[in-house]
Amino acid sequence: MTESRFAPRIFSGIKPSGGLTLGNYLGAIKRFVEAQDRGGAETIFCVVDLHAITVWQDPAELRAATREVAAGFLAAGIDPERSILFNQSRVSAHAELGWIFNCVARLGWMNRMTQFKEKAGKNAEAQSLGLYAYPSLMAADILLYHATHVPVGEDQKQHVELTRDIAGKFNHDYGVDFFPLPEPVIEGPAMRVMNLRDGTRKMSKSGESDMERINMTDDAATIAKKFQKARTDAAPLPATVAELEGRPEARNLVEIYAALAGITPQAVLDRHGGAGWGAFKPALAELAVETLSPVSREMARLMADPTEIDRLLARGAERARALAQPILERTFDIVGLVRGG
Ligand code: TYM
């Protein structure tokens, strides 16, 4: 971690808009657990429910997804004592700082956000104002804790860069050195897990077909079937990573294998180079089932007791609030919002 006057602090979040995918697990949660276990930095993880409602969510499904994402964190190894785990809406300072950042961020910056453009498509006029302002709330999530490092998948890089711009502009406009410029941490073989039916598109919770993603709640037979039916090209696995160039589906399956096994993509090819898909896909499915089933079993166990999940989230929110409140109050003072009396 680089030198800074700010203590190393890690913050990241996951949206409860539908269930967790293998992309969320490998690109985010698994790495969060590694960061927690490595020590040396405070770790704060958030189920970002206020982000989820930027597109319509059925209330009952939102509640269920919030608990499922929390269960995913816990089942994968986030320890609610060593890390802070909570849902965003319980700490109102996120929304308050989000508003202040809406007044710092420029429209030109928001117009460049590729995720908004992708999500809005040709129908931007019909999207919620919240979806457009979303990256500014994300900046608030991070900066409310003076977080210095933000582990995310590749798709969130631009939002963390915007967070740096917002922090920099705030500091400049008010002549302070108050907010750190957080660094995106994007590393490992699974920073961009792709869709199983189209290796040029990201695996996401909201894709049209369930066959294009692995859900953390899928059973062994479903996982095996999805990998079996995953799209590939006709050539066997190459001997080197360089030869995966121009073969997005092959690259994706090799990278998923690498991330699950905790080895490099080249090590996967050292082991399986020359093999056909008929041999590699079952090996991948077996590894996936072996790695994911303890996590999904534990998720199911935790989700059977939603009261306990809610209790843990409430306790996490209390700890989050204790860190956030002084930073929010100091921000109010800097901006000139009167709060004495
Ligand atoms: P979300 O909920 O879409 O995804 C949560 C995390 O999972 C990663 N991820 C992936 N990584 C690799 N391959 C994939 N196919 C894949 N799909 C998802 C994401 O990069 C992310 O790290 N805006 C954020 C949530 C957020 C946040 C924050 C993150 C809100 N506030 C503050 C960090 C810090 C989002 O929508 O992630």
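Whatever order the structure lists them in is the order used to number ligands and atoms, beginning at 1. For the numbers below, each heavy atom of this structure counts, side chains included, while hydrogens, waters and symmetry mates do not.
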Asker: Of the protein's non-hydrogen atoms, which lies at the shortest distance from atom 31 (N) of ligand 1, and what is that distance?
Answerer: Asp141 OD2, 2.7 Å

Asker: Relative to the heavy atoms of Ile142, which atoms of ligand 1 are at a distance of less than 4.0 Å?
Answerer: 32 (C), 34 (C)

Asker: Going by atom types alone, do Asp79 and Gln36 pair a side-chain donor with an acceptor below 3.5 Å?
Answerer: no

Asker: Nearest to atom 6 (C) of ligand 1, what protein heavy atom do you find, and at what distance?
Answerer: Ala28 CB, 3.6 Å

Asker: Need the ligand 1 atom indices (1-based, order shown) with element for anything under 4.0 Å from a heavy-atom of Phe11.
Answerer: 32 (C), 34 (C)

Asker: Please classify the Lys15 to ligand 1 contact at 4.0 Å (heavy-atom distances, strictly less than): side chain, backbone, both or neither.
Answerer: both

Asker: Indicate yes or no: does Arg213 engage Asp218 in a salt bridge with an N to O separation below 4.0 Å.
Answerer: no

Asker: Regarding Glu308 and Arg311, does a basic nitrogen lie under 4.0 Å from an acidic carboxylate oxygen?
Answerer: yes

Asker: So which bit of Ala190 gets within less than 4.0 Å of ligand 1, heavy atoms only: side chain, backbone, both or neither?
Answerer: backbone

Asker: If you have a sec, work out which protein heavy atom is nearest atom 18 (C) of ligand 1 and how many Å separate them, to one decimal?
Answerer: Asn24 ND2, 3.2 Å

Asker: Can you list the atoms of ligand 1 that are under 4.0 Å from a heavy atom of Gly27?
Answerer: 11 (N), 12 (C)

Asker: Under a 4.0 Å threshold between the charged nitrogen and the carboxylate oxygen, would Arg321 count as salt-bridged to Glu318?
Answerer: no

Asker: Parallel under 30°, tilted from 30 to 60°, perpendicular over 60°: which one fits the rings of His94 and Phe86?
Answerer: tilted

Asker: Taking only heavy atoms of Asp155 into account, list the atoms of ligand 1 that are under 4.0 Å away from them.
Answerer: 19 (C), 20 (O)

Asker: Below 4.0 Å from any atom of ligand 1, is there a heavy atom belonging to Ser204?
Answerer: no

Asker: May I ask you to identify, for Thr21, whether its side chain, its backbone, both or neither come under 4.0 Å of ligand 1 on a heavy-atom basis?
Answerer: neither

Asker: Using every non-hydrogen atom in the two residues, find where Ile223 and Ala288 come nearest and quote the distance to one decimal.
Answerer: CG2-CB, 3.9 Å

Asker: In the protein, which heavy atom is nearest to atom 10 (C) of ligand 1, and how far is it?
Answerer: Gly23 O, 3.5 Å

Asker: What do you reckon, does Met203 have a nitrogen or oxygen under 3.5 Å from a nitrogen or oxygen of ligand 1?
Answerer: yes

Asker: Between Asp210 and Lys226, does any NZ, NE, NH1 or NH2 come within less than 4.0 Å of an OD or OE carboxylate oxygen?
Answerer: yes

Asker: Classify the contact between Leu26 and ligand 1 as side chain, backbone, both or neither, using a heavy-atom distance cut-off of under 4.0 Å.
Answerer: neither

Asker: Measure up the Trp277 and Phe280 rings against each other and bin them: parallel (under 30°), tilted (30 to 60°), perpendicular (over 60°).
Answerer: perpendicular

Asker: Do the side-chain N and O atoms of Gln266 and Asp270 include a donor-acceptor pair separated by under 3.5 angstrom?
Answerer: yes

Asker: Please report which non-hydrogen protein atom sits nearest to atom 37 (O) of ligand 1, along with the residue it belongs to and the distance in Å to one decimal place.
Answerer: Gln156 NE2, 3.8 Å

Asker: Give me the atom names and distance for the closest heavy-atom approach of Pro265 to Val254.
Answerer: O-CG1, 3.9 Å

Asker: Counting each atom of ligand 1 from 1 as listed, which ones have a heavy atom of Val150 under 4.0 Å away?
Answerer: 33 (C), 34 (C)

Asker: Closest non-hydrogen protein atom to atom 1 (P) of ligand 1, residue and atom name please, with distance?
Answerer: Lys205 NZ, 3.8 Å

Asker: Which residue, Asp49, Asp305, Asp310, forms the salt bridge (charged side-chain N to carboxylate O under 4.0 Å, His left out) with Arg67?
Answerer: Asp310

Asker: Going by distance alone, is a donor N or O of one side chain under 3.5 Å from an acceptor N or O of the other, for Ser209 and Glu212?
Answerer: no

Asker: Any atoms of ligand 1 less than 4.0 Å from a non-hydrogen atom of His51? List them with their elements.
Answerer: 30 (C), 31 (N)

Asker: Pairs of nitrogen or oxygen atoms closer than 3.5 Å, one from His159 and one from ligand 1: do any exist?
Answerer: no

Asker: Should the pair His146 and Phe178 be assigned to parallel (<30°), tilted (30 to 60°) or perpendicular (>60°) ring geometry?
Answerer: perpendicular

Asker: Scan side-chain atoms only and decide if Asn111 and Tyr132 contain a donor-acceptor pair under the 3.5 Å cut-off.
Answerer: yes

Asker: Quick one: does Gln115 get within less than 4.0 Å of ligand 1, heavy atoms only?
Answerer: no

Asker: Which atoms of ligand 1 sit under 4.0 Å from any heavy atom of Gly153?
Answerer: 11 (N), 19 (C), 20 (O), 22 (O)

Asker: With nothing but distance in play, are any N or O atoms of Val193 less than 3.5 Å from an N or O of ligand 1?
Answerer: yes

Asker: With heavy atoms only and a cut-off of under 4.0 Å, state how Arg192 meets ligand 1: side chain, backbone, both or neither.
Answerer: backbone

Asker: Considering only protein heavy atoms, which is closest to atom 28 (C) of ligand 1, and at what distance to one decimal place?
Answerer: Met138 CG, 3.5 Å

Asker: Going by an N to O cut-off under 4.0 Å, is there a salt bridge joining Arg251 and Glu245?
Answerer: yes

Asker: Can you report which non-hydrogen protein atom sits closest to atom 25 (C) of ligand 1, along with the distance?
Answerer: Gly13 O, 3.6 Å

